[in-house]
**Q** 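Okay, handing you the structure first.
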Amino acid sequence: MFKKESQTYNLISYTSDEESTLKEILLDRLNFSVRSLSKMKRDQTVSVNGEFKKPSTKIKKGDLIEVKIEEDMAGFEPQDLDLKVLHDDFDIIMVNKPPFMVVHPTKSHSDKTIANGVTDYIIKKNEKVKVRFVNRLDMNTSGLVIIAKNAYAHHTLSVDMSEDKVEKKYITVVKGIVKDDYGTIDKPIYRPTEDSIKRVVDDRGQASITHYKVLERLNDATLLEVKLETGRTHQIRVHMNHIGHGIIGDELYGHVDENLINRQALHAYSLEFNQPRTKEKLKFEAQLPEDIKILIERLK
């Protein structure tokens with residue numbers, strides 16, 4: 001059992017509610033990997049009732065197991081980018097990413113990324129955190145990005161993502177009038193070549209499922225809420241293009257009109273998932289950015 005008030009970003013505190021071995025609790029209850037167990041043993045970062053113990057130790061009901069998290073920070077340059085932090089606890093930071101900002105440094109975008117801004121935010125809080133992204137968004141997509149504060153939270157949320165336990169919803173504006181109020185696109189997505197940026201619908205690809213709901217029909221355009229069941233690269237963009245309703249502003253797959261909007265009208269607006277330790281249900285929503293609001297008004 002995790003007591004919320006005992007948790008910190010660099011200490012996992014768990015009170016056993018069963019008789020078992022330390023190894024079994026770390027693997028089965030706390031979902032640590034065998035590899036991380038070896039490191040804990042080597043670095044002596046696990047204690048039972050305040051004393052370092054080996055994984056073979058017998059655990060009684062009520063014993064307090066504590067795991068220290070000692071990590072070096074990633075080498076991102078701290079930059080004050082006035083990020084919109086919507087939530088911050090001992091495991092995660094939730095950021096509302098503006099359009100045109102890259103998630104982490106690349107050759108063409110070496111700074112002013114979410115990673116730089118989060119590093120600055122963490123340093124100002126006197127925390128020592130290695131920045132790990134649980135989800136990523138394209139540069140021109142705005143919305144919710146989850147940053148894990150430790151390997152435990154990153155692993156737990158990544159597993160939940162792969163098992164479709166994280167509900168991801170987007171708002172998008174597509175070209176043309178979508179006739180059906182609801183729909184599901186179940187088409188595999190494939191990367192034709194190793195160096196190809198563009199993805200295509202192809203039977204050789206990975207299973208990909210997108211659900212959509214019409215929120216409003218506009219002037220030769222439709223406002224949609226989109227729910228992802230799988231999380232493939234460019235999934236919404238590829239699927240919308242496939243059904244003949246490319247996203248407005250999407251240079252790769254959609255309909256570009258600089259007079260309407262100068263990026264793809266796609267916003268990751270809602271995320272619902274379990275807190276990695278306490279398992280309480282967390283739900284976040286990020287307001288639509290101004291450029292998509294203006295686009296909707298123009299198309300009414």
Side-chain angles (χ1 to χ4, degrees), residues 1-76 78 85 87-94 104 115 118-119 121-135 145-166 271-282 284:
M1 172 174 73
F2 290 105
K3 286 182 184 163
K4 200 170 175 180
E5 63 277 8
S6 306
Q7 311 303 319
T8 64
Y9 79 96
N10 58 0
L11 183 76
I12 292 173
S13 178
Y14 180 82
T15 305
S16 180
D17 50 11
E18 63 182 333
E19 294 198 358
S20 188
T21 65
L22 180 56
K23 181 180 178 180
E24 282 167 349
I25 287 174
L26 290 171
L27 291 175
D28 302 337
R29 291 281 174 268
L30 304 188
N31 299 316
F32 281 108
S33 64
V34 174
R35 190 171 148 215
S36 53
L37 247 68
S38 306
K39 190 176 186 304
M40 287 175 197
K41 187 179 174 182
R42 190 171 66 245
D43 299 345
Q44 300 197 358
T45 52
V46 183
S47 67
V48 178
N49 301 326
E51 288 181 36
F52 165 70
K53 297 289 182 186
K54 291 180 178 174
S56 56
T57 302
K58 290 270 192 287
I59 298 295
K60 297 192 291 292
K61 202 171 175 181
D63 280 351
L64 176 65
I65 298 162
E66 291 181 313
V67 182
K68 272 191 215 161
I69 300 164
E70 295 171 341
E71 292 188 313
D72 292 326
M73 289 187 73
F76 301 120
V85 175
H87 176 82
D88 178 5
D89 66 23
F90 39 82
D91 279 330
I92 61 163
I93 297 169
M94 180 69 75
H104 62 86
V118 168
T119 300
Y121 172 82
I122 287 162
I123 288 170
K124 284 173 179 166
K125 283 193 72 191
N126 287 322
E127 292 185 354
K128 198 175 176 186
V129 171
K130 189 171 185 174
V131 173
R132 292 178 170 92
F133 290 96
V134 178
N135 68 321
V145 175
I146 314 170
I147 296 103
K149 287 191 173 185
N150 50 64
Y152 176 82
H154 186 262
H155 172 72
T156 305
L157 285 170
S158 298
V159 169
D160 283 357
M161 282 241 183
S162 67
E163 293 175 356
D164 299 330
K165 290 177 183 171
V166 177
L271 276 172
E272 195 170 334
F273 55 92
N274 293 329
Q275 207 287 336
R277 287 187 230 186
T278 65
K279 302 304 175 195
E280 67 180 303
K281 184 70 80 179
L282 299 177
F284 301 98

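Heavy atoms only: backbone and side chains are in, while hydrogens, waters and symmetry mates are out. Values in this document were obtained by computation on a predicted structure and should not be read as measured data.
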**Q** Shortest non-hydrogen contact from D88 to K149?
**A**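 Scanning both residues, the minimum pair turns out to be OD1-NZ, 2.7 Å.
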**Q** Nearest 0.5 Å please: distance from the CD atom of Q7 over to the OG1 atom of T278.
**A**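 It is 8.5 Å, given to the nearest 0.5 Å.
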**Q** Considering the options L26, I25, D28, which one meets the side-chain contact (heavy atoms from CB on, under 4.5 Å) requirement together with S20?
**A**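 When side-chain contact (heavy atoms from CB on, under 4.5 Å) is applied between S20 and each of L26, I25, D28, only I25 qualifies.
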**Q** If you look at every heavy atom in L157 and N274, which pair is closest and at what distance?
**A**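 Distance-wise, the nearest heavy atoms are CD2-O, 3.8 Å.
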**Q** When rounded to the nearest 0.5 angstrom, what is the spacing between CD1 in I147 and CZ in R132?
**A**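 It comes to 13.0 Å.
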**Q** Restricting to non-hydrogen atoms, name the atom on F90 and the atom on T8 that form the minimum distance, rounded to 0.1 Å.
**A**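 Closest pair (atom of F90, atom of T8, distance): CB-C, 3.5 Å.
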**Q** Examine distances only and state if a side-chain atom of E71 and a backbone atom of V129 form a donor-acceptor pair shorter than 3.5 Å.
**A**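 It does not hold such a pair.
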**Q** In Å, rounded to the nearest 0.5 Å, how long is the span from OG of S13 to CE of M1?
**A**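 Rounded to the nearest 0.5 Å, the OG-CE separation comes to 9.5 Å.
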**Q** Are side-chain N/O atoms of D91 and Q275 paired as donor and acceptor at under 3.5 Å?
**A**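 Checked: D91/Q275 side chains pair up, N/O donor to acceptor below 3.5 Å.
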**Q** So for atom CD, which belongs to E51, do other residues, nucleotides or ligands contribute more than 12 heavy atoms lying within a distance under 6.0 Å?
**A**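 Counting neighbours around CD of E51, 12 or fewer heavy atoms of other residues, nucleotides or ligands fall under 6.0 Å, so no.
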**Q** Look at the side chain of S162 and the backbone N and O of V159, then say whether any donor-acceptor pair between them is shorter than 3.5 Å.
**A**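 Judged by distance alone, yes, a pair lies under 3.5 Å.
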**Q** Using every non-hydrogen atom in the two residues, find where T57 and K53 come nearest and quote the distance to one decimal.
**A**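 Answer, listing the atom of T57 first, then K53: OG1-CB, 3.4 Å.
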**Q** Starting at NZ of K54, measure out to CG of L22 and round the result to the nearest 0.5 Å.
**A**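 If we round to the nearest 0.5 Å, K54:NZ and L22:CG are 12.5 Å apart.
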**Q** For I93 and I122, run side-chain contact (heavy atoms from CB on, under 4.5 Å): C-alpha distance rounded to whole Å, both residues' side-chain angles, the deciding distance at 0.1 Å, then the answer.
**A** CA-CA 10 Å; I93 297 169; I122 287 162; 4.1 Å; yes
**Q** Taking atom CG of N150 and atom CD1 of I12, what is their separation to the nearest 0.5 Å?
**A**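 Here the interatomic distance stands at 5.5 Å.
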**Q** Table please: side-chain donor-acceptor pairs of residues 58-70 below 3.5 Å, with sequence neighbours left out.
**A**
unit_1, atom_1, unit_2, atom_2, d
D63, OD1, N49, ND2, 3.1
D63, OD2, K60, N, 2.9

**Q** Could you measure the distance from the CZ atom of R277 to the CD1 atom of I92? Nearest 0.5 Å is fine.
**A**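 It comes to 11.0 Å.
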**Q** Classify the angle between the aromatic ring planes of F2 and Y14 as parallel (below 30°), tilted (30 to 60°) or perpendicular (above 60°).
**A**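 Ring orientation of F2 relative to Y14: perpendicular.
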**Q** List, one per line, each side-chain donor-acceptor pair under 3.5 Å for residues 39-47, sequence neighbours excluded.
**A**
unit_1, atom_1, unit_2, atom_2, d
K39, NZ, D43, OD2, 2.9

**Q** Looking only at non-hydrogen atoms, find the nearest pair between H104 and F133 and report the distance.
**A**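 It is CB-CE1, 4.0 Å.
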**Q** Quick one: does D72's side chain get under 4.5 Å of K130's, heavy atoms only?
**A**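 Answer no - side chains too far apart.
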**Q** Just by distance, do the side chain of D160 and the backbone of K165 share a donor-acceptor pair under 3.5 Å?
**A**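 Pair absent, no side-chain N/O of D160 close to backbone of K165.
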**Q** For a 4.5 angstrom cut-off between non-hydrogen side-chain atoms, does I146 reach F273?
**A**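 Answer yes - side chains close enough.
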**Q** Excluding sequence neighbours, so at least two apart, what forms side chain to side chain donor-acceptor pair (under 3.5 Å) with K128?
**A**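 Scan of K128 (side chain to side chain donor-acceptor pair (under 3.5 Å), adjacent residues dropped) gives none.
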**Q** Over all heavy atoms of both residues, which pair between P276 and K279 is shortest? Give the atoms and the distance, please.
**A**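 Closest pair (atom of P276, atom of K279, distance): O-NZ, 2.9 Å.
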